> 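Have a look at this one.
Numbers restart at 1 for each chain; the letters A, B, ... are given by sequence-line order, proteins then strands. Excluded from the calculations below are hydrogen atoms, water molecules and symmetry mates; all remaining heavy atoms, backbone and side chain alike, are included. Since the model is a prediction, treat every value here as computed from it, not as a measurement.
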Amino acid sequence: MINSLDWRRTHYSRDVNPEMNGQEITVMGWTHEIRDLGGIIFVLLRDRDGTIQITAPSKKIEKEIFEDLRKIKKESVIAIKGTVQESPKAPGGVELIPLSLNLLNESKQPLPLDPTEKVRAEIDTRLDSRFLDIRKPAVSAIFKIKSRMLHSIRVFLEQNEFLEINTPKLVASATEGGTELFPITYFEREAFLGQSPQLYKQIMMSAGFDRVYEIAPIFRAEEHDTLRHLNEVISIDIEASFMNHEDVMNILEKLVVQSITDVKTHCQDDLDVLGREMEIPSLPFERLSYDDMVDMVNSHGVALEHGEDMSRASEKALGEIMEGYYFITDWPTAIKPFYVMPDEKNPEKSFAFDLMYKDLEISSGAMRVHKHDLLVERIKNQGLNPASFEKYLAAFEYGMPPHAGWGLGAERFNMTLTGVNNIRETVLFPRDRRRLTP
RNA sequence: GCCCUGGUGGUGUAGGGGCUAUCAUGCGGGCCUGUCGAGCCCGCGACUCGGGUUCAAUUCCCGGCCAGGGCGCCA
């Protein structure tokens with residue numbers, strides 16, 4: 001038996017088909033299952049995209065390979081050189097008859113969880129041994145979809161003339177208000193992990209980059225403990241000049257539809273593994289005003305005052321009424337951040353919107369205040385100190401164009417694509433209230 | 001942060017004041033040439049921690065730790 005990487009993979013399991021009958025190939029991966037029937041051994045070799053059956057009849061292969069094969073432990077890393085054999089009895093109508101076996105690395109036993117899922121493990125156990133958990137097709141499917149989702153979003157934004165930017169995640173100020181920040185030590189000073197690229201992407205509007213996007217982590221030190229919050233998530237942010245809230249809503253809904261279409265086209269196998277039937281939503285998404293939303297929630301038996309932010313109960317009620325993706329618009333100015341532009345005709349209401357999927361908020365955005373004096377007034381009204389926004393406010397004094405933007409939660413969007421109900425499922429190594437490893 | 005529930009072999013579970021602690025999967029060994037949740041036989045492996053009640057605690061009580069669920073928080 002060989003034990004070093006002096007071969008190279010010629011095919012992934014999914015590339016092998018019955019038409020390749022007789023061809024000699026090399027596959028590499030993990031031993032998913034081993035069924036030793038005495039005179040014949042079946043090994044399921046799993047790689048990134050599937051499995052292929054290695055079939056070893058004792059009479060037809062070298063005795064040494066046969067003996068080595070029967071000793072291999074589950075989840076070991078192997079490479080097999082073999083001959084493709086068309087066979088109606090094999091899964092997928094094709095199997096590989098081994099000519100040579102290369103044990104690249106043996107796995108310890110017993111395993112901390114079962115990658116074949118005969119016995120399911122709890123999320124906590126799974127996250128502790130995430131490397132093994134992700135070997136399961138139903139888990140890796142989520143991340144292949146996430147990869148495609150992010151790819152399609154980048155393609156869409158580039159097609160629409162957005163420039164990718166990178167803004168700092170180490171920030172000085174804890175004065176943006178709202179969420180709790182994670183304090184860190186920055187040499188002799190205190191600093192924080194960034195909660196949002198909001199202020200920086202707005203500054204870029206003044207810098208003349210009139211369409212920007214960033215896909216990057218944001219950090220929030222909230223002690224929340226729910227299925228839809230984490231302390232580190234990926235935010236997909238855009239900001240665009242010479243646009244209002246309607247313009248960026250149009251961009252957002254088109255982006256969502258294009259991304260769904262792309263995932264459906266390229267990740268059908270992964271969607272199948274997840275048992276996910278994807279429908280491509282039609283455009284435009286329904287626009288529901290905040291006031292109408294409150295009335296609908298109330299008439300569904302859940303109390304919500306006009307002017308109040310949504311409770312979980314009201315989100316759930318709305319999720320029972322509304323289908324798929326929809327916007328909530330015309331939010332009360334008072335419950336939105338200072339940089340959101342009030343409607344000049346009715347300053348109680350703002351040009352802010354949320355994008356919902358059933359009962360889950362996946363994005364929020366707005367047309368922004370671009371006039372310096374109004375912005376200062378809004379900062380004061382929210383009990384914040386304009387002095388701590390000095391560097392941000394300066395960008396508004398020398399030609400800040402009107403602009404709008406939004407932030408889309410990558411994991412929450414991924415949840416709507418994959419149908420998983422725990423946001424932890426959509427992050428390789430999630431960070432929540434208690435978990436900081438692996 | 002609040003409320004509820006739980007913590008039993010590697011994993012997932014049943015149970016319960018004293019009995020060899022149940023089952024599945026797994027792991028180790030054996031048999032088996034078409035398995036595909038393979039099958040059959042033999043074996044291995046566990047009561048979260050501290051304190052209390054009791055003749056006796058894995059079981060009851062209190063506390064800690066950890067986890068699951070719900071809510072709150074989430075510019």
> May I ask you to check whether A:Asp237 and A:Ser235 show a side-chain donor-acceptor distance below 3.5 Å?
yes
> Name all residues meeting the ring-ring contact (aromatic ring centres under 6.0 Å, His included) criterion together with A:His229; count only those two or more places apart in sequence or in a different chain, and write none if there are none.
A:His224
> What integer distance in Å separates A:Arg228:CZ from B:G69:C1'?
12 Å
> For A:His245, check ring-ring contact (aromatic ring centres under 6.0 Å, His included) against everything at least two apart and list the hits.
A:Phe351
> So, are A:Asp269 and A:Arg14 salt-bridged, with charged N and O less than 4.0 Å apart?
no
> Between the side chains of A:Asn250 and A:Glu246, is a donor N or O closer than 3.5 angstrom to an acceptor N or O?
no
> For the residue pair A:Asp210 and A:His403, confirm or rule out a side-chain donor-acceptor distance under 3.5 Å.
no
> To the nearest angstrom, how far is A:Leu304 atom CG from B:G72 atom P?
11 Å
> Do you see a donor-acceptor pair shorter than 3.5 Å between the side chains of A:Thr55 and A:Glu95?
yes
> With sequence neighbours excluded, tell me which residues meet side-chain contact (heavy atoms from CB on, under 4.5 Å) with A:Thr125.
A:Ala121, A:Glu122
> In whole angstrom, give me the gap between the C1' atoms of B:G17 and B:C61.
13 Å
> Let me see the working for A:Tyr357 and A:Phe413 under ring pair (Phe, Tyr, Trp, His ring centres under 6.0 Å), right down to the final yes or no.
CA-CA 9 Å; A:Tyr357 177 77; A:Phe413 184 36; 9.0 Å; no
> With heavy atoms under 4.0 Å as the rule, sort A:Lys316 into base, sugar-phosphate or nothing.
sugar-phosphate
> Suppose you measure atom C1' in B:U48 against the same atom in B:G7; what distance do you get, rounded to whole Å?
6 Å
> What integer distance in Å separates A:Arg368:CZ from B:A75:P?
13 Å
> When rounded to the nearest Å, what value does the distance between C1' atoms of B:G9 and B:A21 take?
11 Å
> What's the gap between B:U8 and B:C3 when it is taken at their P atoms, as a whole Å value?
24 Å
> Please write out the pairs of protein N or O atoms and N or O atoms of nucleotides 63-68 of chain B separated by less than 3.5 Å, giving the distance to one decimal.
| residue | atom | partner | partner atom | Å |
| --- | --- | --- | --- | --- |
| B:A67 | OP2 | A:Arg434 | NE | 2.9 |

> Could you check whether A:Ser13 and A:Asp47, counting side-chain N and O atoms only, form a donor-acceptor pair closer than 3.5 Å?
yes
> Using atom P of each nucleotide, how far apart are B:G64 and B:C4 to the nearest Å?
13 Å
> Given atom CD of A:Gln202 and atom C1' of B:A75, what is their separation to the nearest angstrom?
12 Å
> Toss me the dot-bracket line for RNA chain B: Watson-Crick and G-U wobble, both under 3.5 Å, 5' to 3', using | for pairs to another strand and [ ] for crossers.
(((((((..(((.....[....)))((((((.......))))))...(((((..]....))))))))))))....
> Could you measure between the two P atoms, the one in B:G10 and the one in B:C27, and give it in whole Å?
14 Å
> Indicate whether any N or O donor in one side chain lies under 3.5 Å from an N or O acceptor in the other, for A:Lys169 and A:Thr167.
yes
> Just how far, in rounded Å, is P of B:G70 from CG of A:Asp359?
11 Å
> Have a look at A:Arg312 and say if it touches a base, only the backbone sugar-phosphate, or nothing, with a 4.0 Å heavy-atom cut-off.
sugar-phosphate
> To the nearest angstrom, how far is A:Lys136 atom NZ from B:U25 atom P?
18 Å
> Starting at CE of A:Met310 and ending at C1' of B:C71, how long is that distance when rounded to a whole Å?
15 Å
> Would you classify A:Thr116 as touching base, sugar-phosphate or nothing, given that sugar-phosphate means primed atoms plus P, OP1 and OP2, and contacts are heavy atoms under 4.0 Å?
nothing
> Counting just side-chain N and O atoms, does A:Thr125 come under 4.0 Å of either OP1 or OP2 of B:G12?
yes
> Heavy-atom count check: over 12 atoms from other residues, nucleotides or ligands less than 6.0 Å from A:Glu277 CD?
no
> Would you call A:Lys358-A:Glu320 a salt bridge at under 4.0 Å N-O?
no
> Using only modelled atom types and a 3.5 angstrom limit, is any donor from either the side chain of A:His229 or the base of B:C74 paired with an acceptor on the other?
yes
> In whole angstrom, give me the gap between the P atoms of B:G6 and B:C62.
13 Å
> Could you encode protein contacts along nucleotides 26-36 of chain B as a string, one character per nucleotide from 5' to 3', using B for base contact, S for sugar-phosphate-only contact and - for no contact, with a heavy-atom cut-off of under 4.0 Å?
SSS---BBBBB
> What integer number of Å spans the C1' atoms of B:U35 and B:C49?
46 Å
